[in-house]
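Input: a single structure, listed below in C-alpha cells.
Because the structure is predicted, anything quoted here is derived from the model rather than measured. When a ligand or atom number is given, it counts from 1 through the structure's own listing order.
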Amino acid sequence: MNKRTITFELLVFDSFDELSSVDKTLMKSAIEARENAYAPYSNFRVGAAVLLKNGEVVVGNNQENASYPSGLCAERVAVFQAGARFPGITIKSIAISAASKDYVVSDPAAPCGNCRQSISEYEVRQGSSIALLMMGETGKVLKCSSVADILPLAFDSSYLR
Ligand code: THU
C-alpha cells in the first residue's frame, strides 16, 4: 500500500483591490452579471465571467426554476454559452461572484460539484488549465490555477472506451 498526498496552491487576496488588472476586469464582469441572476427562490445571486483566449468574455448567472432542480448555476450557464458561441476556443479563466439579498456574502463562492465537473470537461478537452477566481460580494478573493485542483481524481472521457 502506498500513501499519496494531494496538495494544491491557492492564492488568497485580501480584497478585490489586490487583483491584477486582467483579473479585476474579469471579476467586474462577473459582478455585473450577478445582478441579472434570476434567483427568486434562494435570493442568492451568482455571476460568472469566462475569459477566452481570443479575448472575448462570456458571462452567465444562475437561472432558477419553480421546479428547483431544473435551474442552473451561473458557472454552467457561462461555460456552456462560451462553448456554444465560441466552439473550440480555449478558456483561460473564470471569475465567480456571489451575493445574497438577505445578508452580506463575505466568503468567496466556490463552484458546486456539478459545476466543477462541467468545467473539468472543458479543461480536459482543451488540454490546458482553467484558472478560477472566487469571491463573495466583498472580502477575500481566492484564485486557483486549475479546476483539477479543486476536483482531484475527476471522472473524464478516458474512462469511456
Ligand atoms: N449556485 C450557483 O450559481 N453556482 C454555484 O456554484 C453554487 C450555487 C446557485 C444555484 C442556486 O440558484 C443558488 O446558487 C443557491 O444554491
Between the OG1 atom in Thr25 and the CG atom in Leu51, the distance rounded to the nearest 0.5 Å is 9.5 Å
message: Can you confirm whether the side chains of Glu123 and Ser146 place a donor and an acceptor under 3.5 Å from each other?
response: yes
Separation between CZ (Arg4) and CD1 (Ile6), nearest 0.5 Å, reads 5.5 Å
Note: ligand 1 atoms sitting under 4.0 Å from heavy atoms of Pro111 are 6 (O)
request  = Using distance alone, decide if ligand 1 has a nitrogen or oxygen within less than 3.5 Å of any nitrogen or oxygen in Val46.
outcome  = no
Counting from 1 in the order shown, the ligand 1 atoms closer than 4.0 Å to a non-hydrogen atom of Ser42 are 13 (C), 15 (C)
Rounded to the nearest 0.5 Å, the CG atom of Leu72 sits from the SG atom of Cys115 at a distance of 6.5 Å
If you compare Cys73, Ser100, Gly60 by their heavy atoms, the one closest to atom 2 (C) of ligand 1 turns out to be Cys73
Counting from 1 in the order shown, the ligand 1 atoms closer than 4.0 Å to a non-hydrogen atom of Asn62 are 3 (O), 9 (C), 11 (C), 12 (O), 13 (C), 14 (O)
- request: Mind telling me whether Phe44 and Tyr103 have parallel, tilted or perpendicular rings, with 30° and 60° as the class edges?
  value: parallel
Per-atom filter on ligand 1: closer than 4.0 angstrom to a heavy atom of Glu64 are 11 (C), 12 (O), 13 (C)
Contact bool for atom 16 (O) of ligand 1 (protein heavy atom, d < 4.0 Å):
no
Ligand 1 atoms nearer than 4.0 angstrom to some heavy atom of Glu75 are 2 (C), 3 (O), 4 (N), 5 (C), 6 (O)
Leu133-Leu11 co-clustered via ILVMFWY side chain contacts under 4.5 Å: yes
for atom 3 (O) of ligand 1, nearest protein heavy atom and its distance come out as Ala74 N, 2.9 Å
Original post:
Are any of the side-chain heavy atoms of Met27 and Val141 separated by less than 4.5 Å?
Top reply: yes
